[in-house]
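Encoded as structure tokens, the structure appears first; notes follow it.
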There are 2 protein chains.
Amino acid sequence: MTKKTTIYDIAKELNITAATVSRALNNNPRISKNTRELVLAAATRMNYKQNKLALALKSGKSKNVGVVVPYINRNFFSSIIRGIEDELYPKGYHVIISQTHENKERELKIIQNLLNAQVDGILISTSYSTEEKDKLEPVLKKATPFIFFDRKLDFPDISSVTVDDYQGGFDATKHLIDQGCKRIAHFYVNNEIELYKNRLLGYKDALLQNGFEVIPEYVIPLKNDMEAGMEAAERLMNLLVPPDAIFSSTDYGLLGAVKYLQRLSISIPEDFCVVGFSNELFTQFMEPSISSVDQSPVEMGRMAAKVFLEQMDSEQSVKIHKNVMLPSKLVIRKSSSKMK
Amino acid sequence: MTKKTTIYDIAKELNITAATVSRALNNNPRISKNTRELVLAAATRMNYKQNKLALALKSGKSKNVGVVVPYINRNFFSSIIRGIEDELYPKGYHVIISQTHENKERELKIIQNLLNAQVDGILISTSYSTEEKDKLEPVLKKATPFIFFDRKLDFPDISSVTVDDYQGGFDATKHLIDQGCKRIAHFYVNNEIELYKNRLLGYKDALLQNGFEVIPEYVIPLKNDMEAGMEAAERLMNLLVPPDAIFSSTDYGLLGAVKYLQRLSISIPEDFCVVGFSNELFTQFMEPSISSVDQSPVEMGRMAAKVFLEQMDSEQSVKIHKNVMLPSKLVIRKSSSKMK
DNA sequence: TTGTACGCGTTATCAA
DNA sequence: TTGATAACGCGTACAA
């Protein structure tokens, strides 16, 4: 229960003033070599730690940034966070992480809390859809910079870092076409988040541009989890003309579908091809390994952090903002490798 | 670039003093209903947000806790963090997450930083081994409570939450024996972390208590990743008498071994059984699914948070501490199910 | 080279 | 019921 040492304690110890101690500690040139050494010695001896709170209060900069994601234990998001941290840590920033569980009220509360905590910025992958974006508007009207990543909303002054979801959807579908698949179904997550719409759009365009129709029964809305994927697959396979491929907007949903297909003894990729989205870790370890669209989450995190830092550097005068779109990369594995 | 509203701004607006505003905002009874309502109205109108930094400076409590883990994008650790957050968030705490990458200097720096940031506590899974624990001692001699989870060090006054690694190692090995395996090898991570030693001990005791010898060539030290596991498996299979089972202290290492065995067309579990440790997500999705010792990470996180909260509640007088050991649970899957 | 005094935003104590 | 003031720990302009 030792009380924390302050510069006043050191000052008293050495019979000087706190100001002098502060100068010694901050390499201020206006101090004698002798006192500086005395202070430094006392500081280590008394186990002094600078109180960053006081500093933050004075300077108005907390050197903390908030990071808000739906779930922290999805590999995709934890990798993004890792990228953010890697970039921000060397600059002296700390990262405060919160998860919303896709709960919008909670997301709003979290943002409020972070703002109260005087974070210098908020990097967020929002659970709000474009339709509800006005609900988020009040908190964004702040001095604190916001950066959207992955799941963004369009606000005139707010930066974003996303991946090219349309291209990802297009490439995945085109790849299935190239493999000779004729009836390509699509799983799409129906929570109104824009990026899923973009993947769907890419899917549709790839079909249309290659002489296929979009068959409504083949486009299945579902929740982003394994159980939903199993049910969706069941529904598809009970159709009069079942599909021979699935491009899924979610790896977790696809996982369920694969389990279901394997139960029916349908062989992948010979009789059925699948491609997922997000390149979750398990896709490469499964048998067969699953093709998936990679969103380079670590890169995305780094980029979001860089955009934030840029914004901090130039914040005095102009309020810059920037929308970065990273390329998506289709990773082809066994599950869609019909041809050699 | 709107300046943030303070209680002074509200006070000026209403021609009262900041103290009165503070009282109104904090439901202090010593205020008239009328002024309170006036203040509250002005506060929302002016978009006032309490500056928690100032509060923290005054109260000495930042309502932040630091969480330090080796890697944030391991499912095991992100699940622990999720447990911690679930428990702490409702109590008004924020979680500051840092990862050490198993780098000890960085770990020390991170701890220093967190202390500087005036966190109310630090929950940590350390990368330091028992041999080096004195290096960590200076920072622990603080008013700030520390809680070790998963990877602990023995300090007289510091709480810890761990899983019963010895029991986990024992159960896994015993299970392999029960399956009829005769030559059980062991992968063990050689970074001097205590918990790996405990798993090794459990392995040895299970063997000895069941009439088996511990064969030194079968106990392979390795790094905690897939490549190391492949090499280790190769070494084992090139022995004059190769083993017929592996109990691995790391799922990632085991993953490499399984890949190697599959390349040799050795069928699991018929000809070779394996059991891992940590119950990483991919173990259940692989073919065959991998048996593994579950450490209930979410529970571990919750428990660590609870211990921290207890400590905070009783901190005025006695410094309590507490060592919790959670049970480990062997999850049996195909990879070790020789018998029906 | 060092000391004095102030302000960051808040709450608590004392006085009015 | 409200106001004035001090304090939390720090950095810094100004004065000495």
Side-chain angles (χ1 to χ4, degrees), chain A residues 2-40 42-43 46-64 92 115-120 142-144, chain B residues 2-40 42-43 46-64 92 115-120 142-144:
Chain A
T2 20
K3 199 69 174 44
K4 284 167 188 165
T5 314
T6 73
I7 51 173
Y8 287 95
D9 300 326
I10 300 180
K12 199 177 290 173
E13 181 87 358
L14 300 176
N15 268 321
I16 53 178
T17 86
T20 310
V21 176
S22 172
R23 278 189 281 260
L25 258 24
N26 290 289
N27 286 322
N28 190 312
R30 303 169 61 180
I31 194 168
S32 78
K33 204 175 168 186
N34 190 28
T35 10
R36 165 175 297 139
E37 281 163 8
L38 241 46
V39 169
L40 258 40
M46 300 172 73
N47 197 14
Y48 169 77
K49 300 272 182 306
Q50 185 195 47
N51 184 332
K52 292 235 169 121
L53 249 37
L55 185 59
L57 178 59
K58 184 146 181 54
S59 68
K61 303 264 168 246
S62 69
K63 283 286 184 175
N64 280 336
L115 292 175
N116 289 355
Q118 308 301 112
V119 291
D120 293 344
K142 296 292 301 176
T144 312
Chain B
T2 20
K3 199 72 173 43
K4 283 167 191 165
T5 314
T6 73
I7 52 173
Y8 285 97
D9 300 326
I10 299 179
K12 199 177 290 172
E13 181 87 358
L14 299 177
N15 268 321
I16 53 178
T17 89
T20 309
V21 176
S22 172
R23 279 189 282 260
L25 258 23
N26 290 289
N27 286 323
N28 189 311
R30 301 170 61 181
I31 194 168
S32 78
K33 203 175 168 187
N34 190 29
T35 16
R36 164 173 297 139
E37 279 162 9
L38 241 45
V39 169
L40 258 40
M46 301 171 72
N47 197 15
Y48 168 76
K49 299 272 183 306
Q50 185 195 47
N51 185 331
K52 292 234 170 127
L53 250 38
L55 185 59
L57 177 59
K58 183 146 186 52
S59 69
K61 303 263 166 245
S62 69
K63 283 287 184 175
N64 281 336
L115 292 175
N116 289 355
Q118 307 301 112
V119 292
D120 293 344
K142 296 291 302 176
T144 312

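For clarity, every value in this text was computed on a predicted model and none was experimentally measured. Just so it is clear: chains get the letters A, B, ... in the order the sequence lines come, proteins before strands, and each one is counted from 1.
Between the side chain of B/Asn64 and the main chain of B/Val119, no donor-acceptor pair closer than 3.5 Å is present. Distance alone, capped at 3.5 Å, places no donor-acceptor pair between the B/Asn116 side chain and the A/Lys49 backbone.
For A/Ala42 against A/Leu14, the heavy-atom pair with the smallest separation is CB-CD1, 4.1 Å. B/Gln118 and B/Ser62 get closest at one heavy-atom pair: O-OG, 2.6 Å.
Residue B/Glu37 contributes atom CD, which lies 13 Å from atom P of D/dT1 at whole-angstrom precision. The distance from atom CG of A/Asp9 to atom P of D/dC10 is 9 Å, rounded to the nearest whole Å. Atom-to-atom, CD1 of B/Ile16 to C1' of D/dT1 comes out at 11 Å; the value is rounded to the nearest Å. If you measure from atom CG of A/Leu57 to atom C1' of D/dA7, you get 12 Å, rounded to the nearest angstrom. Going from atom CD1 of B/Ile10 over to atom P of C/dT11 covers 11 Å, rounded to whole Å. Rounded to whole angstrom, the span from the NZ atom of B/Lys12 across to the P atom of C/dG9 amounts to 11 Å. Rounded to an integer number of Å, the gap from CD1 of B/Ile31 to P of C/dA12 is 13 Å. As rounded to whole Å, 11 Å separates atom P of D/dT2 from atom CG of B/Leu14.
Separating the CD1 atom in B/Ile7 from the CD1 atom in B/Ile16 is a distance of 10.0 Å, to the nearest 0.5 Å.
For the OP1/OP2 pair of D/dT2 and a distance below 4.0 Å, the side-chain nitrogens and oxygens of B/Thr35 include at least one atom meeting the criterion. Between A/Ser32 and C/dT2, a side-chain N or O to OP1/OP2 separation shorter than 4.0 Å is present.
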Show which side-chain atoms of residues 21-29 of chain B pair as donor or acceptor with protein atoms under 3.5 Å away, not counting sequence neighbours.
| residue | atom | partner | partner atom | Å |
| --- | --- | --- | --- | --- |
| B/Ser22 | OG | B/Asn26 | ND2 | 3.3 |
| B/Asn26 | ND2 | B/Ser22 | O | 2.6 |
| B/Asn28 | OD1 | B/Arg30 | N | 2.8 |

| request: If a protein heavy atom is under 4.0 Å from the base, mark B; if only from the sugar-phosphate, S; if neither, -; do that for nucleotides 11-16 of chain D going 5' to 3'. | output: BBBBB-
